[in-house]
Amino acid sequence: MMHLIEKLNPQQQQAVTAGLGPVLVMAGPGSGKTRVLTSRIAYLIGEMGVRPYNILAVTFTNKAAREMANRVTDLLGGVAPGLTLGTFHATCARLLRREAQHLPFDDNFVIYDQDDQLDLVKRALADLNLDEKRHRPPVVHNAISNAKNELILPDAYPVQSYLDEVVRRVYKRYQELLLSNNALDFDDLLLWTAYLLEENASVREKYARRFEHILVDEFQDTNQAQYRLLRHLSSFHRNLFVVGDADQSIYRWRGADYRNVLRFQKDFADAQVILLEQNYRSTQAILDVAMAVIDQNPQRIRKHLFTERGAGQKVVLFEAYDDRKEAEFVVDTIRSLTARGRMGLSDFAVMYRTNAQSRLLEEAFLQAGIPYKLVGAQRFYGRREIKDVIAYLRLVHNPNDEISLTRVINAPTRGIGEKTFLSLRTLALRLETSPGALLLEMGRNPEAPAADAINSRARAALVNFGDLLRNWVAVKDSLTPLAMMERVLEDVHYRSYIDDGTDEGRDRWENVLELRRLAAEFQQPGLDAFLERVALVSDQDTLEGTTNAATLLTLHAAKGLEFPVVFITGLNDGTLPHSRSFDDPEAMLEECRLFYVGITRAKDRLYLIFSQNRTAYGFSEPVAPSRFLDYIPYDLLDEAQPTRSRQPRKGQGERRLERWDAAEVIPSRPAAPVERRYQPGMRVHHPSWGEGMVLNSKLQDGDEIVDVHFAGVGLKRLVASLARLEIKV
DNA sequence: ATGGACAATGTTTTT
DNA sequence: CATTGTCCAT
């Protein structure tokens, strides 16, 4: 144990052996933060005599939780019984099931994923007679989710415009629907936990006393709900140990608020603050580029990253003719680097901003015959057949779950179409029960009261399915998840439904078998554990270790990983930074941090790739290099030549490095204004925000920055050359 | 009730 | 361009 601590650098040691009280560890990339966290847990247990039962450690992903658990086990030379180590969401789900008697739902609640949540928003809109066209479900859902992340309940939802008013009503209805389905969405897991700890002093005290030590990974990614519940949980002992890096905060859009770091310092003014700056991952050449990029981010706590790994190879910059040539360059480079036999395919990662960009890369890899694995994207749990099977099991587990019922009631088709289902729902509403419960009742007793409100043919179909469901529910507690799943699949002839003999059908059945293998891991009867696992596992978590293949993944998915060789593709304005961030300065900073995260994944070699043209809407168009490339001093970069065929270049493209002042070379970027076009008081029109009034404007960096107030939207800061603003007369 | 043809619509990141 | 939804014919 002690020799393990001696291997740590002084800052790491200080963090691991920090005494009681709040601790904030600001950990640069590759600075060994997981090591610090796990060593601290081992230290608390092994040296300080803390019982594992009294320790809580939370992460954001299952993968991180798993890795931490393994490393703690290694450090201690055995498992730590009773240690609570898991994701925020899983930990909250467990707590809520245990304390469900204090809450307005049952302990067998189901957890709705993104798709289910969207379905539910649609239903709420329909219930309120609101038009989906006018109020886009994803937009409304996003507003609801943001409110939940900030712990705002429907009645407290601030209304400043008609749209807010709509959201407030939908939000309210949405929550009612969740409760009547005995379901929670992802946000609810955090919201209800925070609410419970806030409102119920005895529950709060119970857990606050229990958790003598709380450790948090990726603290910069916490949202308000998470921060609040951490505060409640640590209210008794105040031993809150958080590790994070504001420079790697890339989930603002999901409610993450890196200002929690500032809040922490304010709320725990006595906190010890420890900076981890030594990097054990990358060469200095890579770190220098990383720092050049991130230093453009204002108002940050400056960290000086250094390594003892030596200078290493210069970072390579490559300008491709178009996105197809980008992919070609990646494939060629991998081929030549592996040809010497010193590197394996699993050493390579190719990163991009948007999932759509993976397509061309995949094609290039396929054509070159290089194996690759794609992280995320074609979500396993998002596949129709997987969702179907899970919906069946969820329905058995909780017949009130209407979203799942809707999904499977006619898949495979069994003569229950939209109209029949509607009559079932109507009747259920009249009888003040749920459609699922009514269905069960009809299965039990075909002559059920009032059932004759439905015509005989439809009724027969419903009775049939109800009977099936009734039989499943009767055995659900005595069968293992695997047995239950097999029973359902067989009863509904699911295989013949999806496996139509085509290749695609075979694939679908293969996926079901894959799910079956997962179910086989659960030995105990009962569906809770299995369903919770499939609800809270993300596709990122399915990324396996050391197969002999290159990895293709988004920059977001890359966080927390490392690779000897990294390619970052699509370094063009509009892609990275993404065009949807242009008019929001905060979002632009986040794009920059995303780039930084990508850079710092590389251990030995880094390739930065941009192109002159990019395919959008099916047409190839000229694009500007990413403005983030301007942040990097030339002498930190090497310019690569095409590895195989020379590509057509247009005139001056060759010497771009000396003058890639985008505004000159790329015609698509409007010329910089020399004087102000917008004056305070002017009325303007924006394609998405409508009418607004100019409050202020100024010239900056050769562009005009305009502050506009839009009715119902609020104040927006826009870059004149990018925002499609029209001046109204 | 189901499947096909056509049209519109819209492109970020995901626990 | 490619996916998603809508309408229509069976």
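Each chain gets a letter, A, B and so on, in the order its sequence line appears, and its residues count up from 1.
As judged by a 4.0 angstrom heavy-atom cut-off over every strand, A:H578 is placed among residues touching the sugar-phosphate backbone only. Across all strands shown, A:R136 has heavy atoms under 4.0 Å from sugar-phosphate atoms exclusively, and none from any base.
Nucleotides B:dT12 and C:dG5, compared at atom P, are 15 Å apart to the nearest Å.
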Residues A:Y112, A:D401; criterion side chain to side chain donor-acceptor pair (under 3.5 Å); working and verdict:
CA-CA 10 Å; A:Y112 278 174; A:D401 178 355; 2.4 Å; yes
Intermediate values then yes/no, side chain to side chain contact (heavy atoms under 4.5 Å, CB included), A:N260 and A:F219
CA-CA 8 Å; A:N260 279 341; A:F219 183 68; 4.1 Å; yes
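Checked for salt-bridge contact, A:R593 and A:E590 meet the test: a charged N lies under 4.0 Å from a carboxylate O. We find that A:D322 and A:R324 are not joined by a salt bridge, their nearest charged nitrogen and carboxylate oxygen being 4.0 Å or further apart. Between A:R614 and A:E326 there is a salt bridge, with a side-chain nitrogen of the basic residue lying less than 4.0 Å from a carboxylate oxygen of the acidic one.
Put simply, CG on A:D187 is 11 Å from C1' on B:dT14, counting in whole angstrom units. Regarding A:Q114, its CD atom lies at a distance of 13 Å from the P atom of B:dT12, rounded to whole Å. Residue A:L118 contributes atom CG, which lies 16 Å from atom P of B:dT14 at whole-angstrom precision. The interatomic distance linking A:K419 (NZ) with B:dT2 (C1') rounds to 16 Å, in whole Å. Between A:I250 atom CD1 and B:dT13 atom P there is a gap of 12 Å when expressed in whole angstrom units. We find that CD of A:Q357 is positioned 9 Å from P of B:dT13, with the value rounded to whole Å. The distance from atom CD1 of A:I416 to atom C1' of B:dT2 is 16 Å, rounded to the nearest whole Å. With rounding to whole Å, A:H141 atom NE2 is found 12 Å from B:dT14 atom C1'.
Relative to the ring axis of A:Y258, A:R252 does not place its NZ or CZ within 45° and under 6.0 Å from the centre.
Looking only at side-chain heavy atoms (C-beta outward), A:L555 and A:V597 stay at 4.5 Å or farther from each other.
With hydrogens and angles ignored, no donor-acceptor pair under 3.5 angstrom links the side chain of A:R254 to the base of B:dT13.
For A:R580, a side-chain nitrogen or oxygen approaches OP1 or OP2 of B:dT12 to under 4.0 Å. Proximity of A:S581 to the phosphate of B:dT12: no side-chain N or O atom is located under 4.0 Å from OP1 or OP2. A sub-4.0 Å separation between OP1 or OP2 of B:dT12 and a side-chain N or O of A:N355 is absent.
In terms of position on DNA chain B, the residue among A:T354 and A:R414 whose nearest nucleotide sits closer to the 5' end is A:R414.
Judged by ring centres under 5.5 Å apart and planes tilted less than 30 degrees, A:W253 stacks against the six-membered base ring of B:dT13.
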For every nucleotide of nucleotides 1-10 of chain C, 5' to 3': is a protein heavy atom under 4.0 Å from its base (B), only from its sugar-phosphate (S), or from neither (-)?
S-S--S----
